[in-house]
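Before any comments, here is the structure.
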Amino acid sequence: MKLARVLLPNAEVHVALVEDASVRVLDMTQMDDYQKLSDILHAADPAGLAKYLVHQKIAPVASGEVRFLAPIDSQEIWAAGVTYKRSQQARMDESEHGASHYDLVYSADRPELFYKATPSQVVSPGEPVRVRADSNWSVPEPELALMLTPDMKICGYTIGNDMSARDIEGENPLYLPQAKVYNQSCALGPVVLLANEPLSPSETKITLEIARGGDSIFEGETALDQLHRTLEELAQWLGKELDFPNGAVLFTGTGIIPPDQFTLEDGDVVTIEIAGIGKLINPVVKA
Ligand code: DO4
Ligand code: MG
């Protein structure tokens, strides 16, 4: 089952259950404890609760008529890094002085985890992600994102774009926060796949396509079986010494990196697809 936050044609924002070609608005007035998408995600039985809350007086709305919003309320977004071999190689290549740090963190017990965004810094599907004005080498990072309850249980999955300035992080690993955290550097959505069943690592394909002037100029693919750590392990490390009373979203790292000569340009369009979840599409601005 998939849930989303949607903007209806009448400009109302609702939590909705997503079906093949339509969405069913949930009636959040029925129970005081369930007002937001995250309230449902953090409940003991999100799927049962969502079915129970389907609005009986609002007819299904065609998916094409709604705008999908980033499926986040008040959770912080964090990200894991260097969790795929491809990412380890790319960081070592880009970083003249910091290569050994990336090599070590790939195989260390403790993963790299960094703060990525607050909800107000996240862009929704269809909204522009941005290349920093002071970066000449930036890429999207297509990542499976875990929706985590306050006790760090994985309650759902969505798609994240961890926009990254490779020249800034490559110059010095201590510049990582500036390479990763800036306005419009994080996109999320369009839906949350509930975590009733574990994802199949080999069947959960992740693809990235970048289009320029209507033509596809980069395509890459990986799958969850290339992830060097378990999803549960990443969630546990995040919650080890830090409480998340509102839950959290955790990006799990990228396994697709365009060739070193590639950088995003103003007007490019980034499409990230994760099998079983959906497609996150954002145009790019450089400003
Ligand atoms: O260490 C740099 C960041 C790595 C990252 O974001 C990733 O591997 O996805
Ligand atoms: Mg990343």
Side-chain angles (χ1 to χ4, degrees), residues 76-117 121-123 129-132 135 137-146 148 157-182 184-189 204 206-208 210 218 220-231 233-235 237-238 248-260 262-264 270-274 280 282 284:
E76 288 175 13
I77 299 188
W78 285 67
V82 197
T83 51
Y84 288 78
K85 193 76 189 162
R86 177 70 188 100
S87 181
Q88 179 213 18
Q89 283 161 349
R91 305 307 149 189
M92 290 179 70
D93 293 347
E94 82 196 4
S95 180
E96 195 187 336
H97 307 295
S100 64
H101 297 296
Y102 295 114
D103 195 19
L104 290 170
V105 83
Y106 180 73
S107 43
D109 192 27
R110 183 191 296 275
E112 177 196 7
L113 293 172
F114 58 91
Y115 160 82
K116 178 67 187 174
Q121 295 161 341
V122 173
V123 304
V129 287
R130 201 169 67 84
V131 172
R132 289 180 66 117
S135 168
W137 186 19
S138 281
V139 293
E141 291 191 355
E143 307 195 12
L144 174 73
L146 309 178
L148 300 174
Y157 309 99
T158 188
I159 305 171
N161 180 352
D162 170 25
M163 290 284 290
S164 302
R166 292 191 66 190
D167 44 0
I168 296 176
E169 77 178 3
E171 189 178 339
N172 187 326
L174 296 180
Y175 292 153
L176 184 88
Q178 294 174 73
K180 295 287 192 177
V181 185
Y182 57 88
Q184 297 165 265
S185 70
C186 180
L188 194 72
T204 305
I206 303 175
T207 59
L208 168 66
I210 302 168
F218 173 79
E221 178 177 320
T222 189
L224 203 53
D225 58 5
Q226 300 303 303
L227 180 65
H228 179 61
R229 299 178 184 266
T230 67
L231 302 178
E233 167 193 353
L234 292 174
W237 273 103
L238 181 65
V249 179
L250 178 57
F251 285 19
T252 54
T254 185
I256 306 173
I257 299 187
D260 287 355
F262 179 87
T263 186
L264 284 172
V270 175
T271 301
I272 301 171
E273 181 165 12
I274 302 189
L280 173 62
N282 297 91
V284 175

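For clarity, every value in this text was computed on a predicted model and none was experimentally measured. For this chain, numbers begin at 1 and follow the sequence in order. Order of listing sets the numbers, starting from 1, for every ligand and every atom in it.
A salt bridge is absent between R91 and D103; no separation between the charged side-chain nitrogens and carboxylate oxygens falls under 4.0 Å. Between E141 and K180 there is a salt bridge, with a side-chain nitrogen of the basic residue lying less than 4.0 Å from a carboxylate oxygen of the acidic one.
Looking only at side-chain heavy atoms (C-beta outward), D260 and E94 stay at 4.5 Å or farther from each other. Between Y115 and P177, the closest side-chain pair of non-hydrogen atoms is not below 4.5 Å.
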- Item | Verdict with reasoning, F262 to I210, per side-chain contact (heavy atoms from CB on, under 4.5 Å) | CA-CA 11 Å; F262 179 87; I210 302 168; 3.7 Å; yes
- Working for side-chain contact (heavy atoms from CB on, under 4.5 Å), residues I77 and C186: CA-CA 9 Å; I77 299 188; C186 180; 3.8 Å; yes
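With L144 as the fixed residue, the side chain to side chain contact (heavy atoms under 4.5 Å, CB included) test singles out one of I272, T252, T254: T252.
By the criterion of a separation under 2.8 Å, the protein N/O/S atoms near the Mg ion (ligand 2) amount to E141 OE1, E143 OE2, D162 OD2.
In this structure, the ring-ring contact (aromatic ring centres under 6.0 Å, His included) partners of Y106, at least two apart in sequence or on a different chain, are H228. Applying the ring-ring contact (aromatic ring centres under 6.0 Å, His included) test to H101 and every residue at least two apart in sequence or in another chain returns nothing.
Near ligand 1, heavy-atom contacts under 4.0 Å come from A80, G81, V82, S87, R91, Y102, E112, F114, E141, E143, D162, E169, L176, K180, G253, T254.
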